Colleague: 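Below is one structure. I have some questions about it.
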Amino acid sequence: MGGVSFAMIGAGYGLALQMFSNAARKLPMLRRPWEHVLVMGVGSVFFVALAEKTAREEIIYAENLETMKRLNKTGMPFPGGGKGQ
């Protein structure tokens with residue numbers, strides 16, 4: 001999924017959050033429309049940042065996995081004290 005998809009999902013969650021907030025307080029759904037736009041923007045920024053963080057963590061995980069595989073093949077002790085610790 002691309003960044004636009006995450007932004008749209010985040011905007012949808014933001015809109016749903018604002019409408020739920022108004023419904024829980026028994027206010028008109030579109031009481032202050034600018035709040036809906038603001039919360040949609042915050043939701044989209046949050047979801048895009050979450051997607052970028054997840055992608056960075058996947059890269060770091062893959063690098064660490066390759067390092068551990070390489071160390072295991074060479075018979076070298078693992079970082080931090082060796083085997084069994």
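Just so it is clear, the model here is predicted, and its values are computed rather than measured.
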Colleague: Please identify each residue that fulfils side-chain contact (heavy atoms from CB on, under 4.5 Å) with Lys69, with sequence neighbours left out.
Modeller: Leu65, Glu66
Colleague: Other than Met29, which residues form its hydrophobic cluster under the rule that side-chain heavy atoms must be closer than 4.5 Å?
Modeller: Leu15, Met19, Met40
Colleague: Under 3.5 Å, sequence neighbours excluded: what are the donor-acceptor pairs made by side chains of residues 50-61?
Modeller:
{"unit_1": "Lys53", "atom_1": "NZ", "unit_2": "Glu57", "atom_2": "OE2", "d": "2.4"}
{"unit_1": "Thr54", "atom_1": "OG1", "unit_2": "Leu50", "atom_2": "O", "d": "2.8"}

Colleague: Identify, with sequence neighbours excluded, every residue that meets side-chain contact (heavy atoms from CB on, under 4.5 Å) alongside Leu17.
Modeller: Val39
Colleague: What ring pair (Phe, Tyr, Trp, His ring centres under 6.0 Å) pairs are there with at least one residue in residues 15-35, not counting sequence neighbours?
Modeller: none
Colleague: Return the set of residues passing side-chain contact (heavy atoms from CB on, under 4.5 Å) with Thr67 (not counting sequence neighbours), or none when no residue passes.
Modeller: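 Arg70, Leu71.
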Colleague: Under the salt bridge (Lys or Arg N to Asp or Glu O under 4.0 Å) definition, can you give me all pairs with a residue in residues 38-47, not counting sequence neighbours?
Modeller: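 As it turns out, there is no salt bridge (Lys or Arg N to Asp or Glu O under 4.0 Å) pair with a partner in residues 38-47 once direct neighbours are skipped.
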Colleague: If you compare all heavy atoms of Ser44 against all heavy atoms of Ala7, which two are closest, and at what distance to 0.1 Å?
Modeller: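 Looks like CB-O, 3.2 Å.
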Colleague: Which pair of non-hydrogen atoms, one from Phe6 and one from Phe47, has the smallest distance, and what is that distance?
Modeller: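 Closest pair (atom of Phe6, atom of Phe47, distance): O-CB, 3.4 Å.
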Colleague: Taking only residues two or more places apart in sequence or in another chain, which ones pass salt bridge (charged side-chain N to carboxylate O under 4.0 Å, His left out) with Glu35?
Modeller: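 Per chain and number, Glu35 pairs via salt bridge (charged side-chain N to carboxylate O under 4.0 Å, His left out) with Arg32.
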Colleague: Apply side-chain contact (heavy atoms from CB on, under 4.5 Å) to Leu30 and list each qualifying residue two or more places apart in sequence or on a separate chain.
Modeller: His36
